[in-house]
Amino acid sequence: MPGVPSSIVEPIWDQFAALIPPRPDNHPFGAHRPRVDDRMVFGKLVQVLVFGIAYAKASDQTCSAATIRRRRDEWIWAGLFADLGQLCLDGFDRMIGLDLSRLVVGGCVVKAPRGGEAAGKSPADRGKQGTRRSPLTDGTGLPPGVVVAPANRPGSPLLYPTLETLGRFGFNLPERITVQLDAGHDSGKTRDLLAMPGREGRISAKGTPPQADARWVVERANSWHNPGFKQLLACTEVRTRVIEAHIALANAIILIHQPIHRAWTTWRWDTRPNRKP
């Protein structure tokens, strides 16, 4: 069962496949077991991300759970998921454009039942294990970067690494940037960081709902992540780099889906079908 429609996953796979380095075959007689196709493993990883199932549930006779995890780790060490996220962001910026003059930073705490490197006592879940995500979105809610930390970490110390995710992608930032924050980020350290030249901070008052200011777009980004990708809603991975790879793949799916959605809701053409594919 596909986790994502082919109209979205196939463009992502075409770009991801171009990033995979060639693997030399050094066996002298060519008698080794054939390597499982990369496309099949990629599809299994998408299923794990979307449905939140274990690798053993996604495996079958053609691809074992050990193969999925081993290939995933190979791609993580090669930096392919981070490169995929960068390419999707660059492509969206060229086609439609990212609104980087208005940035929104929020917070999201999810369950981490297995614990791990990015797990801590969740203040929102009676001290159970949880993981905090600090997403950064542009003015329309698209996520250029996300920082992962234990759930017991406050949001204010995560603001600097969250803003630094923009530099990782090498965007030409506007001269003037407005950063919208919730009351949980309010601290002297935050105000000093936002007092730098070219930055303006807007911290919402305590109790202000997201709908009352620009923060609603980051809450929408969290709603794209959590219900749409069950692996992010209840994080069962124990290593931070694996969680970051899942987030990068989820962001790539969102960035490919958004141009299709916007074209469908904005433009009409003579050969347009009566329903979405």
Side-chain angles (χ1 to χ4, degrees), residues 1-23 34-53 55 57-65 67-98 140-144 146 169 221 223-233 242-277:
M1 180 178 180
V4 178
S6 59
S7 59
I8 296 175
V9 73
E10 288 303 329
I12 296 176
W13 164 247
D14 290 341
Q15 189 60 70
F16 192 82
L19 297 172
I20 299 176
R23 184 181 178 87
R35 182 177 171 87
V36 178
D37 183 57
D38 288 332
R39 176 63 181 88
M40 182 179 298
V41 178
F42 185 81
K44 301 293 185 183
L45 286 175
V46 172
Q47 290 182 11
V48 170
L49 172 64
V50 174
F51 301 126
I53 57 178
Y55 292 97
K57 294 291 185 180
S59 64
D60 52 25
Q61 296 178 351
T62 60
C63 182
S64 66
T67 298
I68 300 173
R69 290 191 292 266
R70 185 166 52 247
R71 199 74 55 88
R72 176 206 64 193
D73 292 340
E74 290 179 9
W75 293 341
I76 290 174
W77 284 114
L80 300 190
F81 291 102
D83 292 342
L84 176 66
Q86 177 181 351
L87 290 172
C88 291
L89 280 169
D90 291 340
F92 187 93
D93 195 26
R94 286 194 302 268
M95 289 187 296
I96 298 178
L98 294 168
T140 62
L142 293 175
V146 180
F169 296 104
S223 70
W224 286 340
H225 279 149
N226 290 341
F229 305 99
K230 298 295 176 33
Q231 182 58 239
L232 302 183
L233 179 61
V242 179
I243 300 173
E244 293 173 345
H246 283 307
I247 294 174
L249 182 56
N251 288 344
I253 294 173
I254 292 171
L255 288 164
I256 294 298
H257 175 265
Q258 278 301 301
I260 299 175
H261 174 73
R262 295 188 185 190
W264 186 269
T265 57
T266 306
W267 304 98
R268 290 184 176 272
W269 55 93
D270 294 339
T271 58
R272 173 179 167 170
N274 295 327
R275 65 175 67 183
K276 290 185 179 181

State, with a plain yes or no, whether a side-chain heavy atom of Trp13 is found less than 4.5 Å away from one of Asp38. yes
Closest non-hydrogen contact found for Ser64 with Ser59 is C-CB, 3.7 Å
Enter the distance from Arg71:CZ to Phe42:CZ here, rounded to the nearest 0.5 Å. 13.0 Å
Scan Val242, Ile243, Leu249 and name whichever one has a side-chain contact (heavy atoms from CB on, under 4.5 Å) with His246. Val242
Let me confirm one number: the NZ-CG distance from Lys230 to Leu232, rounded to the nearest 0.5 Å. 11.0 Å
Taking C-beta and beyond as the side chain, do Lys44 and Val41 meet within less than 4.5 Å on heavy atoms? no
Apply side chain to side chain contact (heavy atoms under 4.5 Å, CB included) to Leu45 and Ile68, showing your working. CA-CA 7 Å; Leu45 286 175; Ile68 300 173; 3.6 Å; yes
Residue pair Cys88 / Ala252: nearest heavy atoms and the distance that separates them: SG-CB, 3.7 Å
Are any of the side-chain heavy atoms of Phe92 and Ile254 separated by less than 4.5 Å? no
Asn251 side chain reached by His225 side chain, heavy atoms, under 4.5 Å: yes
Nearest heavy-atom approach of Ile260 to Ser7 is CD1-O, 4.1 Å
d(Ile8 CD1, Ile256 CD1) to nearest 0.5 Å is 8.5 Å
Heavy-atom pair with the smallest gap, counting every atom of Leu89 and Pro144: CD1-O, 3.6 Å
Holding to salt bridge (Lys or Arg N to Asp or Glu O under 4.0 Å), I want the full list of residues that pass it with Arg39, two or more places apart in sequence or in another chain. Glu10
Grab the two heavy atoms, one from Leu19 and one from Asp83, that are nearest each other, plus how far apart they are. CD1-CB, 3.9 Å
Taken to the nearest 0.5 Å, the spacing of Tyr55 OH from Cys63 SG works out to 11.5 Å
Look up atom CD1 in Ile96 and atom CG in Leu255, then write down how far apart they are to the nearest 0.5 Å. 9.5 Å
Report the residues that fulfil side-chain hydrogen bond (donor to acceptor under 3.5 Å, both in side chains) with Asp73, sequence neighbours left out, ordered by chain and then residue number. Arg239
When rounded to the nearest 0.5 angstrom, what distance separates OG in Ser6 from CD1 in Ile12? 11.5 Å
Using side-chain heavy atoms (C-beta onward) and a distance below 4.5 Å, is Phe229 in contact with Trp224? no
